[in-house]
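In what follows, a single structure is set out as C-alpha coordinates and then discussed.
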Amino acid sequence: MKAFKTLGLLALALALTPATWALPKIKILATGGTIAGTQASPADAGYKPGTISVADLISSVPQLRNVAELSGEQVANIASQNMSHEIWLKLATRCNAVLADDDVDGVVITHGTDTMEETAYFLSLVVKSDKPIVLVGSMRPATAMGADGPINLYNAVALAAHPAAKGRGPLVLINDTIHYAREVQKTHTTRTDTFQSPNRGIAGIMNTGRVFFYSANTTRHTTRSEFSLYGLTVANLPRVEIVYSYVNFNGDTIDALVAKGVRGLVLAGVGDGNTSDAALAALARAAKAGVAVVRCSRTGSGIVDRNIEVNDDQLGFIAGLELSAPKARILLMLGLTQTNDLKKLQQYFSEY
Ligand code: GLU
(Lines give C-alpha, C1' and ligand atoms only; values in the text may rest on other atoms or scores of the structure.)
Protein backbone atom coordinates (compact mmCIF):
# COMPACT_ATOMS: atom_id res chain seq x y z
CA MET A 1 0.00 0.00 0.00
CA LYS A 2 2.86 2.30 0.99
CA ALA A 3 4.67 1.45 -2.28
CA PHE A 4 1.54 2.40 -4.26
CA LYS A 5 1.36 5.69 -2.41
CA THR A 6 5.03 6.44 -3.21
CA LEU A 7 4.51 5.56 -6.87
CA GLY A 8 1.44 7.77 -6.97
CA LEU A 9 3.38 10.71 -5.54
CA LEU A 10 6.18 10.10 -8.05
CA ALA A 11 3.70 10.09 -10.95
CA LEU A 12 2.17 13.32 -9.68
CA ALA A 13 5.60 14.93 -9.39
CA LEU A 14 6.46 13.88 -12.95
CA ALA A 15 3.15 15.19 -14.24
CA LEU A 16 3.83 18.55 -12.62
CA THR A 17 7.38 18.82 -13.95
CA PRO A 18 7.45 21.45 -16.72
CA ALA A 19 7.31 19.72 -20.12
CA THR A 20 10.18 21.89 -21.28
CA TRP A 21 12.86 20.56 -18.92
CA ALA A 22 14.84 18.72 -21.59
CA LEU A 23 13.89 20.74 -24.64
CA PRO A 24 16.47 22.68 -26.70
CA LYS A 25 16.58 26.39 -25.95
CA ILE A 26 15.81 28.50 -28.99
CA LYS A 27 15.91 32.28 -29.19
CA ILE A 28 13.63 34.02 -31.67
CA LEU A 29 15.01 37.29 -33.01
CA ALA A 30 12.11 39.08 -34.68
CA THR A 31 12.51 41.65 -37.45
CA GLY A 32 8.97 41.94 -38.87
CA GLY A 33 7.68 40.97 -42.33
CA THR A 34 4.44 39.36 -43.47
CA ILE A 35 4.77 36.63 -40.85
CA ALA A 36 4.09 39.43 -38.36
CA GLY A 37 1.59 41.18 -40.66
CA THR A 38 -2.15 41.76 -40.42
CA GLN A 39 -4.97 42.69 -42.80
CA ALA A 40 -8.21 44.56 -42.24
CA SER A 41 -10.12 41.36 -43.21
CA PRO A 42 -9.05 37.80 -44.18
CA ALA A 43 -10.29 38.32 -47.75
CA ASP A 44 -8.25 41.50 -48.20
CA ALA A 45 -5.15 41.25 -50.42
CA GLY A 46 -3.80 44.44 -48.86
CA TYR A 47 -2.05 44.25 -45.48
CA LYS A 48 0.61 45.80 -43.25
CA PRO A 49 3.79 43.78 -42.54
CA GLY A 50 5.59 44.00 -39.19
CA THR A 51 2.65 44.72 -36.86
CA ILE A 52 2.63 41.71 -34.50
CA SER A 53 5.12 41.51 -31.60
CA VAL A 54 7.47 38.56 -31.09
CA ALA A 55 5.60 37.60 -27.89
CA ASP A 56 2.30 37.42 -29.79
CA LEU A 57 3.93 35.47 -32.62
CA ILE A 58 5.17 32.85 -30.17
CA SER A 59 1.89 32.58 -28.32
CA SER A 60 -0.04 32.26 -31.59
CA VAL A 61 1.51 28.80 -32.15
CA PRO A 62 1.02 26.94 -28.84
CA GLN A 63 2.50 23.72 -30.35
CA LEU A 64 5.92 25.42 -30.25
CA ARG A 65 6.03 24.63 -26.54
CA ASN A 66 6.45 20.93 -27.36
CA VAL A 67 9.46 21.55 -29.58
CA ALA A 68 11.66 24.02 -27.73
CA GLU A 69 11.99 26.29 -24.76
CA LEU A 70 11.54 29.66 -26.41
CA SER A 71 12.49 33.20 -25.67
CA GLY A 72 12.00 36.17 -27.97
CA GLU A 73 13.62 39.47 -28.72
CA GLN A 74 12.36 42.22 -31.01
CA VAL A 75 15.35 43.41 -33.04
CA ALA A 76 13.17 45.40 -35.47
CA ASN A 77 9.58 45.36 -36.72
CA ILE A 78 9.74 46.39 -40.36
CA ALA A 79 8.76 45.36 -43.85
CA SER A 80 11.99 43.91 -45.16
CA GLN A 81 12.20 46.31 -48.13
CA ASN A 82 13.35 48.66 -45.36
CA MET A 83 16.09 46.32 -44.13
CA SER A 84 19.29 48.33 -43.73
CA HIS A 85 22.99 47.93 -43.01
CA GLU A 86 22.29 49.39 -39.59
CA ILE A 87 19.78 46.64 -38.71
CA TRP A 88 22.07 44.00 -40.26
CA LEU A 89 24.91 45.00 -37.94
CA LYS A 90 22.56 44.99 -34.95
CA LEU A 91 21.07 41.61 -35.91
CA ALA A 92 24.44 39.99 -36.59
CA THR A 93 25.82 41.35 -33.30
CA ARG A 94 22.83 39.88 -31.46
CA CYS A 95 23.26 36.53 -33.26
CA ASN A 96 26.90 36.33 -32.20
CA ALA A 97 26.10 37.25 -28.59
CA VAL A 98 23.07 34.98 -28.26
CA LEU A 99 24.77 31.98 -29.90
CA ALA A 100 27.85 32.39 -27.68
CA ASP A 101 25.58 31.78 -24.68
CA ASP A 102 25.80 28.15 -23.49
CA ASP A 103 22.16 28.40 -22.59
CA VAL A 104 21.05 28.88 -26.22
CA ASP A 105 21.01 26.00 -28.72
CA GLY A 106 19.91 27.89 -31.82
CA VAL A 107 18.39 31.03 -33.25
CA VAL A 108 15.29 31.62 -35.37
CA ILE A 109 15.01 34.96 -37.18
CA THR A 110 11.58 36.03 -38.37
CA HIS A 111 11.96 38.21 -41.46
CA GLY A 112 10.07 39.68 -44.39
CA THR A 113 10.50 37.60 -47.51
CA ASP A 114 11.50 40.44 -49.88
CA THR A 115 15.11 40.63 -48.68
CA MET A 116 15.40 37.52 -46.52
CA GLU A 117 17.96 35.97 -48.90
CA GLU A 118 20.26 39.00 -48.55
CA THR A 119 20.10 39.01 -44.75
CA ALA A 120 20.74 35.24 -44.66
CA TYR A 121 23.81 35.64 -46.90
CA PHE A 122 25.18 38.60 -44.93
CA LEU A 123 24.82 36.63 -41.67
CA SER A 124 26.50 33.61 -43.28
CA LEU A 125 29.61 35.74 -43.81
CA VAL A 126 29.90 37.45 -40.42
CA VAL A 127 28.26 35.29 -37.73
CA LYS A 128 30.72 33.10 -35.88
CA SER A 129 28.88 30.04 -34.65
CA ASP A 130 28.15 26.46 -35.69
CA LYS A 131 24.84 26.49 -33.88
CA PRO A 132 21.71 26.50 -36.08
CA ILE A 133 20.47 29.84 -37.42
CA VAL A 134 17.14 29.63 -39.25
CA LEU A 135 15.46 32.52 -41.05
CA VAL A 136 11.74 32.19 -41.55
CA GLY A 137 9.03 34.23 -43.20
CA SER A 138 5.61 33.75 -44.69
CA MET A 139 3.85 34.80 -47.86
CA ARG A 140 0.46 35.34 -46.24
CA PRO A 141 -0.18 37.57 -43.24
CA ALA A 142 -1.09 36.08 -39.88
CA THR A 143 -4.78 36.98 -40.32
CA ALA A 144 -5.11 35.50 -43.86
CA MET A 145 -7.15 32.50 -44.96
CA GLY A 146 -4.62 29.65 -45.10
CA ALA A 147 -1.90 31.64 -43.32
CA ASP A 148 1.45 29.91 -43.83
CA GLY A 149 3.21 31.68 -40.94
CA PRO A 150 2.29 29.25 -38.12
CA ILE A 151 3.54 26.07 -39.87
CA ASN A 152 6.63 27.89 -41.14
CA LEU A 153 7.43 29.13 -37.63
CA TYR A 154 6.81 25.67 -36.17
CA ASN A 155 9.15 24.08 -38.73
CA ALA A 156 11.77 26.80 -38.26
CA VAL A 157 11.89 26.24 -34.50
CA ALA A 158 12.02 22.45 -34.98
CA LEU A 159 14.85 22.92 -37.47
CA ALA A 160 16.84 25.23 -35.19
CA ALA A 161 16.38 22.66 -32.41
CA HIS A 162 17.64 19.80 -34.58
CA PRO A 163 21.29 18.64 -34.34
CA ALA A 164 21.44 18.10 -38.13
CA ALA A 165 21.04 21.84 -38.68
CA LYS A 166 24.40 22.55 -37.00
CA GLY A 167 27.42 23.69 -39.01
CA ARG A 168 25.50 24.51 -42.19
CA GLY A 169 25.44 28.30 -41.89
CA PRO A 170 22.16 30.23 -41.83
CA LEU A 171 19.24 28.31 -43.32
CA VAL A 172 16.01 29.67 -44.78
CA LEU A 173 12.91 27.66 -43.92
CA ILE A 174 9.70 28.31 -45.81
CA ASN A 175 6.98 26.23 -47.49
CA ASP A 176 8.32 22.94 -45.98
CA THR A 177 11.66 23.54 -47.72
CA ILE A 178 15.15 24.16 -46.29
CA HIS A 179 17.53 26.39 -48.29
CA TYR A 180 21.15 27.40 -47.83
CA ALA A 181 21.72 31.15 -47.48
CA ARG A 182 23.98 31.32 -50.54
CA GLU A 183 21.53 29.50 -52.80
CA VAL A 184 18.10 30.80 -51.91
CA GLN A 185 16.13 33.29 -54.01
CA LYS A 186 12.64 34.68 -53.96
CA THR A 187 11.30 34.00 -57.47
CA HIS A 188 7.60 34.89 -57.42
CA THR A 189 5.77 37.91 -56.05
CA THR A 190 3.00 36.14 -54.15
CA ARG A 191 3.00 32.33 -54.31
CA THR A 192 3.88 30.30 -51.21
CA ASP A 193 6.42 28.28 -53.25
CA THR A 194 8.29 31.43 -54.24
CA PHE A 195 11.64 30.45 -52.65
CA GLN A 196 13.92 28.34 -54.82
CA SER A 197 17.60 27.38 -54.82
CA PRO A 198 18.09 27.36 -58.58
CA ASN A 199 21.79 26.60 -58.86
CA ARG A 200 22.77 23.91 -56.38
CA GLY A 201 19.29 22.89 -55.27
CA ILE A 202 17.51 22.86 -51.95
CA ALA A 203 19.20 21.78 -48.71
CA GLY A 204 16.31 19.58 -47.62
CA ILE A 205 12.65 19.38 -46.73
CA MET A 206 10.50 19.31 -43.60
CA ASN A 207 7.25 17.64 -42.73
CA THR A 208 5.52 19.05 -39.64
CA GLY A 209 8.69 19.32 -37.59
CA ARG A 210 10.57 16.37 -39.12
CA VAL A 211 13.85 17.25 -40.83
CA PHE A 212 15.30 15.64 -43.97
CA PHE A 213 18.57 17.03 -45.36
CA TYR A 214 19.48 16.23 -48.97
CA SER A 215 22.82 17.96 -49.41
CA ALA A 216 25.81 19.48 -47.64
CA ASN A 217 26.87 23.12 -47.79
CA THR A 218 30.35 23.00 -49.32
CA THR A 219 30.96 26.77 -49.48
CA ARG A 220 32.68 28.89 -46.79
CA HIS A 221 30.50 30.44 -44.10
CA THR A 222 30.31 31.40 -40.39
CA THR A 223 33.23 29.84 -38.50
CA ARG A 224 35.12 29.25 -41.78
CA SER A 225 34.52 32.76 -43.08
CA GLU A 226 37.42 35.21 -42.96
CA PHE A 227 34.97 38.12 -42.67
CA SER A 228 33.64 39.33 -39.37
CA LEU A 229 31.87 42.22 -37.69
CA TYR A 230 35.15 43.34 -36.18
CA GLY A 231 35.56 47.07 -36.85
CA LEU A 232 32.52 47.18 -39.18
CA THR A 233 30.26 50.21 -38.96
CA VAL A 234 27.56 51.58 -41.22
CA ALA A 235 29.92 54.41 -42.09
CA ASN A 236 32.90 52.28 -43.07
CA LEU A 237 31.09 49.63 -45.13
CA PRO A 238 32.33 50.34 -48.67
CA ARG A 239 29.61 51.70 -50.94
CA VAL A 240 28.74 49.15 -53.63
CA GLU A 241 25.83 49.67 -56.03
CA ILE A 242 24.04 47.50 -58.58
CA VAL A 243 23.42 48.53 -62.20
CA TYR A 244 20.82 46.67 -64.24
CA SER A 245 21.24 46.03 -67.96
CA TYR A 246 18.49 46.11 -70.61
CA VAL A 247 18.00 46.98 -74.28
CA ASN A 248 19.45 50.41 -75.13
CA PHE A 249 21.23 50.70 -71.75
CA ASN A 250 23.70 53.52 -72.34
CA GLY A 251 25.68 53.23 -69.11
CA ASP A 252 25.08 56.82 -67.97
CA THR A 253 24.12 55.56 -64.50
CA ILE A 254 27.51 53.85 -64.24
CA ASP A 255 29.39 57.11 -64.81
CA ALA A 256 27.03 58.88 -62.39
CA LEU A 257 27.68 56.32 -59.65
CA VAL A 258 31.44 56.51 -60.17
CA ALA A 259 31.17 60.29 -59.85
CA LYS A 260 29.34 59.69 -56.54
CA GLY A 261 32.40 57.82 -55.26
CA VAL A 262 31.28 54.17 -55.21
CA ARG A 263 33.98 51.64 -54.33
CA GLY A 264 32.30 48.82 -56.22
CA LEU A 265 29.73 48.18 -58.95
CA VAL A 266 27.80 44.98 -59.59
CA LEU A 267 26.33 44.51 -63.04
CA ALA A 268 23.02 42.64 -63.18
CA GLY A 269 23.77 41.86 -66.79
CA VAL A 270 21.70 40.28 -69.51
CA GLY A 271 22.33 36.58 -70.12
CA ASP A 272 25.82 35.55 -69.13
CA GLY A 273 26.61 38.84 -67.38
CA ASN A 274 26.66 40.83 -70.62
CA THR A 275 25.76 44.43 -71.36
CA SER A 276 25.85 46.91 -74.26
CA ASP A 277 29.16 48.13 -75.67
CA ALA A 278 28.41 51.60 -74.26
CA ALA A 279 27.82 50.25 -70.75
CA LEU A 280 30.83 47.94 -71.05
CA ALA A 281 32.97 50.97 -71.91
CA ALA A 282 31.58 52.81 -68.86
CA LEU A 283 32.37 49.81 -66.65
CA ALA A 284 35.88 49.66 -68.10
CA ARG A 285 36.34 53.37 -67.26
CA ALA A 286 35.11 52.62 -63.73
CA ALA A 287 37.55 49.72 -63.31
CA LYS A 288 40.39 51.89 -64.59
CA ALA A 289 39.46 54.50 -62.00
CA GLY A 290 39.86 51.84 -59.26
CA VAL A 291 36.21 50.81 -58.81
CA ALA A 292 35.80 47.04 -58.34
CA VAL A 293 33.45 45.77 -61.07
CA VAL A 294 31.64 42.43 -60.71
CA ARG A 295 29.61 40.90 -63.54
CA CYS A 296 26.47 38.96 -62.59
CA SER A 297 23.33 37.95 -64.45
CA ARG A 298 19.77 39.22 -64.24
CA THR A 299 18.49 35.76 -65.37
CA GLY A 300 18.23 34.41 -61.81
CA SER A 301 20.36 31.30 -62.25
CA GLY A 302 23.53 29.95 -63.80
CA ILE A 303 27.22 30.80 -63.59
CA VAL A 304 28.79 34.01 -64.90
CA ASP A 305 32.30 32.75 -65.58
CA ARG A 306 35.40 34.73 -66.54
CA ASN A 307 36.28 35.62 -70.14
CA ILE A 308 33.31 34.13 -72.00
CA GLU A 309 31.97 37.02 -74.12
CA VAL A 310 33.65 39.73 -72.07
CA ASN A 311 37.43 39.84 -71.67
CA ASP A 312 37.57 40.20 -67.87
CA ASP A 313 41.35 39.86 -67.82
CA GLN A 314 41.79 42.78 -70.17
CA LEU A 315 39.10 45.01 -68.65
CA GLY A 316 39.95 44.28 -65.01
CA PHE A 317 36.56 42.81 -64.07
CA ILE A 318 35.54 40.17 -61.54
CA ALA A 319 33.14 37.38 -62.53
CA GLY A 320 30.26 36.96 -60.06
CA LEU A 321 30.09 33.18 -60.76
CA GLU A 322 27.00 31.75 -59.01
CA LEU A 323 26.01 34.76 -56.93
CA SER A 324 22.97 36.85 -57.72
CA ALA A 325 23.64 40.58 -58.02
CA PRO A 326 22.28 41.44 -54.52
CA LYS A 327 24.45 38.75 -52.91
CA ALA A 328 27.47 39.77 -55.01
CA ARG A 329 27.00 43.30 -53.64
CA ILE A 330 27.25 41.95 -50.07
CA LEU A 331 30.35 39.84 -50.75
CA LEU A 332 32.04 42.71 -52.61
CA MET A 333 31.32 45.14 -49.74
CA LEU A 334 32.89 42.78 -47.21
CA GLY A 335 35.67 41.84 -49.62
CA LEU A 336 36.60 45.49 -50.09
CA THR A 337 37.02 45.85 -46.32
CA GLN A 338 39.93 43.40 -46.70
CA THR A 339 41.55 44.11 -50.06
CA ASN A 340 41.44 45.93 -53.41
CA ASP A 341 43.34 43.15 -55.13
CA LEU A 342 41.28 41.83 -58.06
CA LYS A 343 42.69 38.28 -57.84
CA LYS A 344 41.84 38.07 -54.16
CA LEU A 345 38.37 39.51 -54.75
CA GLN A 346 37.80 36.95 -57.53
CA GLN A 347 38.90 34.20 -55.15
CA TYR A 348 36.22 35.27 -52.66
CA PHE A 349 33.61 34.69 -55.36
CA SER A 350 34.89 31.12 -55.87
CA GLU A 351 34.85 30.29 -52.18
CA TYR A 352 31.86 32.05 -50.60
N1 GLU B 1 7.37 43.34 -48.31
C2 GLU B 1 7.23 42.78 -47.02
C3 GLU B 1 8.53 42.27 -46.44
O4 GLU B 1 9.39 41.78 -47.13
C5 GLU B 1 6.23 41.70 -46.99
C6 GLU B 1 6.62 40.50 -47.80
C7 GLU B 1 6.78 39.28 -46.94
O8 GLU B 1 7.26 39.33 -45.81
O9 GLU B 1 6.42 38.22 -47.44
O10 GLU B 1 8.67 42.35 -45.26
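One-based numbering, in listed order, for ligands and for the atoms of each. Hydrogens, waters and symmetry mates play no part in the numbers below; they use all other heavy atoms, side chains included.
- Applying the salt bridge (charged side-chain N to carboxylate O under 4.0 Å, His left out) rule to pairs touching residues 138-160 yields nothing, sequence neighbours excluded.
- Only one option out of Met116, Glu183, Gln185, His188 pairs with Phe195 in a side chain to side chain contact (heavy atoms under 4.5 Å, CB included); it is Met116.
- Arg306 forms no cation-pi arrangement with Phe349, by the criterion of a distance under 6.0 Å to the ring centre and an angle within 45° of the ring axis.
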Between Phe227 and Tyr352, does the ring pair (Phe, Tyr, Trp, His ring centres under 6.0 Å) criterion hold? Intermediate values first, please. CA-CA 10 Å; Phe227 307 110; Tyr352 290 92; 5.0 Å; yes
Please tabulate, for side-chain N and O atoms in residues 97-108, each donor-acceptor pair with protein atoms closer than 3.5 Å (sequence neighbours left out).
unit_1, atom_1, unit_2, atom_2, d
Asp101, OD1, Asp103, N, 2.8
Asp105, OD2, Lys25, N, 2.7

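- Closer than 4.0 angstrom to ligand 1 sit non-hydrogen atoms from Gly33, Thr34, Tyr47, Pro49, Ala79, Ser80, Gln81, Gly112, Thr113, Asp114, Ser138.
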Enumerate donor-acceptor pairs with a distance under 3.5 Å from any side-chain N or O in residues 282-297 to protein atoms, sequence neighbours excluded.
unit_1, atom_1, unit_2, atom_2, d
Arg285, NE, Asp255, OD1, 3.4
Arg285, NH2, Asp255, OD1, 3.3
Arg285, NH2, Asp255, OD2, 2.9
Arg295, NE, Asp312, OD1, 2.8
Arg295, NH1, Asp272, O, 3.2
Arg295, NH1, Gly273, O, 2.8
Arg295, NH2, Asp305, O, 3.2
Arg295, NH2, Asp312, OD1, 3.4
Arg295, NH2, Asp312, OD2, 2.8
Ser297, OG, Gly271, O, 2.5
Ser297, OG, Thr299, N, 3.0
Ser297, OG, Thr299, OG1, 2.8

